[in-house]
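Okay, structure first, notes after.
Just so it is clear, the model here is predicted, and its values are computed rather than measured. Lettering of chains follows the sequences in order, A, B, ..., and the numbering in each one begins at 1. When reading the values below, keep in mind they use all heavy atoms of this one structure, side chains included, and skip hydrogens, waters and symmetry mates.
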Protein chains: 2
Amino acid sequence: MSGPVTIRDVARAAEVSPATVSRTFLRPEKVDPATRERILDAAARLDYRPNRAAQSLITGLTGNIGIVVPDLANPFFPSVVKGIQGRAEELGYSALLVDTDEDLKRESELVAALSRQVDGLVLCSARMADEDLVALREQRPLVLINRQVPGVAAVTFDNEGGIAQEVVHLKALGHRRIGYVAGPSTSYSSRVRQAAATAELAREGLVEVPIGSFAPSFDGGRSAAEKVLLADVTAVMVYNDVMALGLVNQLTRYGISVPNDISVVGYDDIEFASMSNPPLTTVRIPREHAGALAMSYLHALMGSSGPAPEPPARLPTKLVFRGTSVRAPSAPPAGD
Amino acid sequence: MSGPVTIRDVARAAEVSPATVSRTFLRPEKVDPATRERILDAAARLDYRPNRAAQSLITGLTGNIGIVVPDLANPFFPSVVKGIQGRAEELGYSALLVDTDEDLKRESELVAALSRQVDGLVLCSARMADEDLVALREQRPLVLINRQVPGVAAVTFDNEGGIAQEVVHLKALGHRRIGYVAGPSTSYSSRVRQAAATAELAREGLVEVPIGSFAPSFDGGRSAAEKVLLADVTAVMVYNDVMALGLVNQLTRYGISVPNDISVVGYDDIEFASMSNPPLTTVRIPREHAGALAMSYLHALMGSSGPAPEPPARLPTKLVFRGTSVRAPSAPPAGD
DNA sequence: CTGTTAGCGCATTCAT
DNA sequence: ATGAATGCGCTAACAG
């Protein structure tokens, strides 16, 4: 006879109407303090919990947000997800997670399906076409992370700044011919970083030696090693840390010492960057913070009322100087 | 006037009653092929999507499952989550993810809140008390991963087997005095592995040298280094890979060569185990598979009907012989 | 095989 | 400030 306790049970216990109980939770100020007390009391005593489905049915809101990532096994994403989920928690939302497995088609389908089950979406490093993203944005509040599309809210990273810091760092160490190992050309951030590298290297009067595009994996980095050897460079900038780690690994197998023969700089500052041997010089990007920020922003977008939310953020990046970069072997002694 | 298209719109378009439309989706065989065709057609034309909230309200089911992890930033969990989510996807469920931040109190609260929003739960490496887990199981279908509690379904790993393989491996390499670096004593799997190590080492007639308990982090592993040095051992078994990596790192700083002076064996086979230098000898456990299996099992538990689901699984573990373990320095030449 | 009726639990008019 | 009535979209009996 018990079943889940409903709003009517509480109403009966507090000797009021269901409507008043409802008000007590939604607009407490619109109910007399005394009766409010009585109702809250009864609710607590009966351990009443509003039925989400019923609320949903009537309000059209679910209290859920959706998180979409290309691949949770990619060490870049767990922190981002953690940031989103944590903030969602604080704001009273539950988070639905979807992994698209880097499959563009799946991504579109999954996002479409997911969008109908949530009040808003956070897409991490979305692979979808700009137009699809814009279309999606029409239907649900939407925030992108690590992807920029005109007209869509986004939390991005200052990649140009990060790349610039890498370039200045390597230049200061006396490097002149610098290789760039790119990620997949289908990746938005790879394109951005690649372009930034080309621009910055040119601006600083250094020689860019393009090494090519490789899979953004440890093995992808490894397979770049031969080309790096052939490129006659003293330093290499790599699309991301995982690839950089792979490159260092393979270079070492070839008998090349990193950093003594060749300096290597990664990107992302994943946890393992500092644990590897030697620890990787890289660019730190605030992943978890980005997640939290994106969620905060999404919350503002979902707010029925509220002021116009502040503009999307572009988070700072920071070079972390560790063990895989040193003064160029051929460089003149410091002081020149 | 359009709004979301409802079951009545479809009914009108197909000139049938709403009930028939409903049946067409739930029990297609109970409706005439001709009309079914007509309805499906209309539904497709109108792009009808059933309203989940309404379905939920009536069936009491949400179509969601909950995933709880202690810390997504711990490299152990993303794969597990990926396995769960992927299988959930296939089975038609959406996955709600919660990160408890290793906070026992939060875990209880979050799980309680989450449990009312889902049809079933998968808890990864739950920290909660046995009794709470049993209580939870009364309310919702529940599957544990990497934790065993009497009366609760679970997917576990054959830790005893994994530890036994480590011991045999080290014994074969001529090691006699072997250190064991434990994780936090609050961790279920740490206790299990510790106990297994003690038992196996004894059985093989080797000397166990307990190094102590440390945080299950890179720094935790590092801080075990001094004690390892003092322990006069030729090999160390470590609770998990992250710690093992930290230990190797710090040992190296002390001028100790791994594996030449001391062999180190980790556990878990996280991605970075094979990327580190030297690559870590460790025990592989099928994390993603465990996730998928747990989800399959949960599905069976949630099935209103269906046969009694097969018993929970205990997945095999496998030693992966890589670069941090070699023949003991003091060992007599092979062949003795 | 199909339509009719009823109601899931709640938020929201509109009265009072 | 509170209550009675209505319906969100759908499924589950029961008739026909």
Quiz item: Over how many whole Å does the gap from A:Arg23 atom CZ to C:dT13 atom P extend?
Solution: 11 Å
Quiz item: When the distance from NZ of B:Lys30 to C1' of C:dG3 is rounded to whole Å, what number comes out?
Solution: 15 Å
Quiz item: Where the side chain of A:Arg137 meets the backbone of A:Gly151, is there a donor-acceptor pair that is under 3.5 Å apart?
Solution: yes
Practice problem: Provide, to the nearest angstrom, the distance between the CD1 atom belonging to A:Ile7 and the P atom belonging to D:dG7. | Solution: 19 Å
Quiz item: salt bridge (Lys or Arg N to Asp or Glu O under 4.0 Å) between B:Lys82 and B:Glu89: does it pass, once the steps are laid out?
Solution: CA-CA 10 Å; B:Lys82 185 162 177 149; B:Glu89 192 72 46; over 6 Å; no
Quiz item: Backbone N or O of A:Asp99 within a donor-acceptor pair of the B:Gln85 side chain at under 3.5 Å?
Solution: yes
Quiz item: Are the side chain of B:Asn74 and the backbone N or O of B:Phe77 linked by a donor-acceptor pair below 3.5 Å?
Solution: no
Quiz item: Touch check for A:Pro18, heavy atoms < 4.0 angstrom, all strands: base, sugar-phosphate only, or nothing?
Solution: nothing
Practice problem: Would you mind telling me which of D:dC10, D:dA1, C:dT2 lies closest to the side-chain atoms of A:Asp32? | Solution: D:dA1
Practice problem: Grab the CD-P distance between B:Glu29 and C:dC1 for me, whole Å please. | Solution: 9 Å
Quiz item: Taking it one step at a time, do B:Arg106 and B:Glu109 satisfy salt bridge (Lys or Arg N to Asp or Glu O under 4.0 Å)?
Solution: CA-CA 5 Å; B:Arg106 270 173 56 93; B:Glu109 297 167 359; over 6 Å; no
Self-check item: Relative orientation of the end axes in the helix from C:dC1-D:dG16 to C:dT16-D:dA1, expressed as an angle to the nearest 10° (five pairs per end)
Solution: 30°
Quiz item: Given atom CZ of A:Arg52 and atom C1' of D:dC8, what is their separation to the nearest angstrom?
Solution: 18 Å
Self-check item: Interatomic distance, A:Arg8 CZ vs D:dT2 C1' [rounded to whole Å]
Solution: 17 Å
Exercise. Could you tell me whether B:Asp47 and B:Arg49 have a side-chain N and a carboxylate O separated by less than 4.0 Å?
Key: yes
Exercise. Calculate the interatomic distance between A:Asn51 atom CG and C:dC8 atom P; express it in whole Å.
Key: 11 Å
Exercise. Tell me which residues in residues 54-61 of chain A put a heavy atom below 4.0 Å from DNA chain D, sorted by number, or none.
Key: A:Leu57, A:Ile58
Quiz prompt | Sugar-phosphate, base or nothing in reach of B:Arg27, heavy atoms under 4.0 Å | solution = sugar-phosphate
Exercise. Would you please classify the geometry between the B:Phe76 ring and the B:Phe157 ring as parallel, tilted or perpendicular, with 30° and 60° separating the classes?
Key: perpendicular
Quiz prompt | A:Arg147 side chain to A:Ala126 backbone, donor-acceptor under 3.5 Å | solution = yes
Quiz item: Does the side chain of A:Thr20 get closer than 4.0 angstrom to OP1 or OP2 of D:dG3 through an N or O atom?
Solution: yes
Practice problem: With the side chain of A:Thr6 defined as its heavy atoms from C-beta on, choose the nearest nucleotide among D:dC10, C:dT2, C:dG9. | Solution: C:dG9
Exercise. Check the distance between C:dC10's P and A:Phe25's CZ and give it to me in whole angstrom.
Key: 10 Å
Quiz item: So what does A:Val16 touch, heavy atoms closer than 4.0 Å: a base, only the sugar-phosphate, or nothing?
Solution: sugar-phosphate
Quiz prompt | Check: B:Arg12 side chain, B:Ser17 main-chain N or O, donor-acceptor pair, under 3.5 Å | solution = no
